[in-house]
Amino acid sequence: MKNMFAKLSVAAALVTCGAAQAAPIPYSPAGTQNAQPYTFVATSTGIVTGYFAGSTANYTNEVSMLVNGVATGVYGLNNQTSAYGDSFNFGPVVQGDVLVFVLKNLLPGNVGPWYSQTSLNSDSVNHVYSYNYAGDANMIAGTYVAFEDLNNGGDFNYNDVSFVFANVSEVPEPASVALLGIGLLGLGMNRRKKQHSM
């Protein structure tokens with residue numbers, strides 16, 4: 001049952017996600033907290049690879065992930081030593097695994113950690129902005145995830161530290177999935193009505 005739900009979630013994400021973007025799109029409106037909650041899942045069984053996409057942060061941070069709520073303990077892509085496009089293997093996943101990204105502050109070491117799941121953040125602030133990224137000449141296509149690394153979200157421009165993850169999909173909010181289900185149900189009922197009238 002769990003596996004079936006995960007596969008349906010991935011399928012719904014692929015159906016309802018917008019077209020991928022050709023270049024990083026800055027968060028808008030900068031200066032306000034991102035109200036969009038995110039849930040990420042493994043697209044297929046295999047490895048999650050992260051790519052460093054940039055940083056404007058003075059703090060030193062690294063990224064990790066939780067897989068189905070369990071910390072992997074693997075951190076990488078230090079924002080002070082990584083170059084654009086550098087990659088890191090975050091380890092194996094199974095299709096449908098729920099992923100939560102974690103930004104760990106190394107220096108000064110007195111903030112965070114910050115999670116892509118807002119309810120896990122000690123300040124109850126959304127520290128993440130994400131979208132489907134089409135890639136460029138130096139970066140693969142994947143799921144773009146940008147963090148705010150300061151307490152209470154800092155300046156809310158969501159460009160302190162950013163990454164692109166391969167083998168990761170964003171799952172739409174339950175309301176989007178419900179809307180898709182209602183639309184499919186309506187189509188099915190309409191088709192059935194047409195068949196009975198013939």
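All of these numbers come straight from a predicted model, not from anything done at the bench. All residue numbers refer to positions in the sequence shown, counting from 1.
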Open item on the list: What verdict does the side chain to side chain donor-acceptor pair (under 3.5 Å) test give for Asp149 and Asn61, after you've listed the backbone C-alpha separation in whole Å, the side-chain angles of each residue and the deciding distance to 0.1 Å?
Closed with: CA-CA 8 Å; Asp149 71 345; Asn61 303 287; 3.0 Å; yes
Task: Trace of the side chain to side chain donor-acceptor pair (under 3.5 Å) decision for Asn78 with Thr60 - done: CA-CA 7 Å; Asn78 182 299; Thr60 302; 5.3 Å; no
Open item on the list: Set out, in order, the CA-CA distance, both residues' side-chain angles and the distance that settles side-chain contact (heavy atoms from CB on, under 4.5 Å) for Gln80 and Leu107, then state yes or no.
Closed with: CA-CA 10 Å; Gln80 300 298 334; Leu107 292 172; over 6 Å; no
Open item on the list: Evaluate Val128 against Val145 for side-chain contact (heavy atoms from CB on, under 4.5 Å), listing each step before the verdict.
Closed with: CA-CA 7 Å; Val128 168; Val145 178; 3.7 Å; yes
TODO: Begin from the C-alpha positions of Asn105 and Leu103 and carry the test side-chain contact (heavy atoms from CB on, under 4.5 Å) through to its verdict.
DONE: CA-CA 7 Å; Asn105 176 255; Leu103 189 72; over 6 Å; no
- [ ] Quick one: do Ser87 and Thr49 satisfy side chain to side chain donor-acceptor pair (under 3.5 Å)? Show the steps, please.
- [x] CA-CA 7 Å; Ser87 65; Thr49 303; over 6 Å; no
Open item on the list: The test is side-chain contact (heavy atoms from CB on, under 4.5 Å); show your working for Phe40 and Val171 and say whether it passes.
Closed with: CA-CA 6 Å; Phe40 301 100; Val171 177; over 6 Å; no
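Within the model, atoms CZ of Phe101 and OG of Ser130 stand 8.0 Å from one another, a figure rounded to the nearest 0.5 Å. A distance of 8.0 Å separates CD of Glu62 from CG of Leu77, quoted to the nearest 0.5 Å. Taking OG1 from Thr39 and CD from Gln117, the interatomic distance works out to 7.0 Å, rounded to the nearest 0.5 Å.
The shortest side-chain heavy-atom distance between Tyr84 and Asp136 falls under the 4.5 Å cut-off. Looking at heavy atoms from C-beta onward, Thr32 lies in side-chain contact with Tyr27 at the 4.5 angstrom threshold. The shortest distance between side-chain heavy atoms of Leu99 and Val67 falls below 4.5 Å. No side-chain heavy atom of Ser162 sits less than 4.5 Å from a side-chain heavy atom of Phe147. Using a 4.5 Å cut-off on side-chain heavy atoms (C-beta onward), Asn68 and Leu66 make no contact. Between Gln33 and Val125, some side-chain heavy-atom pair lies under the 4.5 Å cut-off.
Tyr38 and Val164 end up in the same hydrophobic cluster when Ile, Leu, Val, Met, Phe, Trp and Tyr side chains are linked at under 4.5 Å. Cluster annotation: Ile140 is connected to Phe52 through the hydrophobic network of ILVMFWY side chains, with a link wherever side-chain heavy atoms come within less than 4.5 Å. Residues Val102 and Val48 do not share a hydrophobic cluster, clusters being chains of Ile/Leu/Val/Met/Phe/Trp/Tyr side chains in contact below 4.5 Å.
Scanning both residues, Tyr115 and Asn121, for their nearest heavy atoms gives N-OD1, 2.6 Å. The two residues Trp114 and His127 have their closest heavy-atom pair at CE3-NE2, 3.3 Å. When every heavy atom of Asp86 is checked against every heavy atom of Thr81, the shortest pair comes out as OD2-O, 4.5 Å. Nearest approach of Tyr131 to Ile25, heavy atoms of both residues: OH-N, 2.5 Å. What you find for Asn157 and Asp160 is that their closest heavy atoms are OD1-OD1, 3.9 Å. A pairwise comparison of heavy atoms in Gln36 and Asn126 identifies O-ND2, 2.9 Å as the closest pair.
Summarising the local packing, CG of Asn58 is surrounded by 12 or fewer heavy atoms from other residues, nucleotides or ligands at distances under 6.0 Å.
A perpendicular orientation is assigned to the rings of Tyr129 and Tyr144, their planes being inclined by more than 60° (bins at 30° and 60°).
Of the possible donor and acceptor atoms, one in the side chain of Thr45 sits under 3.5 Å from a partner among the backbone N and O of Gln95. Judged purely by atom type and a 3.5 angstrom limit, Ser64 uses its side chain to pair as donor or acceptor with the backbone of Val74. Using a distance-only test at 3.5 Å, with no hydrogens or angles considered, a donor-acceptor pair links the side chain of Tyr158 to the main chain of Asn34. Judged purely by atom type and a 3.5 angstrom limit, Tyr133 has no side-chain atom pairing as donor or acceptor with the backbone of Phe165.
Ring centroid separation for the pair Tyr51 and Phe163 does not come in under the 6.0 Å cut-off.
No option in Asn167, Val168, Val63, Ile47 other than Val63 meets the side chain to side chain contact (heavy atoms under 4.5 Å, CB included) test with Phe90. Results of the side chain to side chain donor-acceptor pair (under 3.5 Å) test with Thr56 over Asn79, Asp155, Asn159 single out Asn159 as the only residue that passes.
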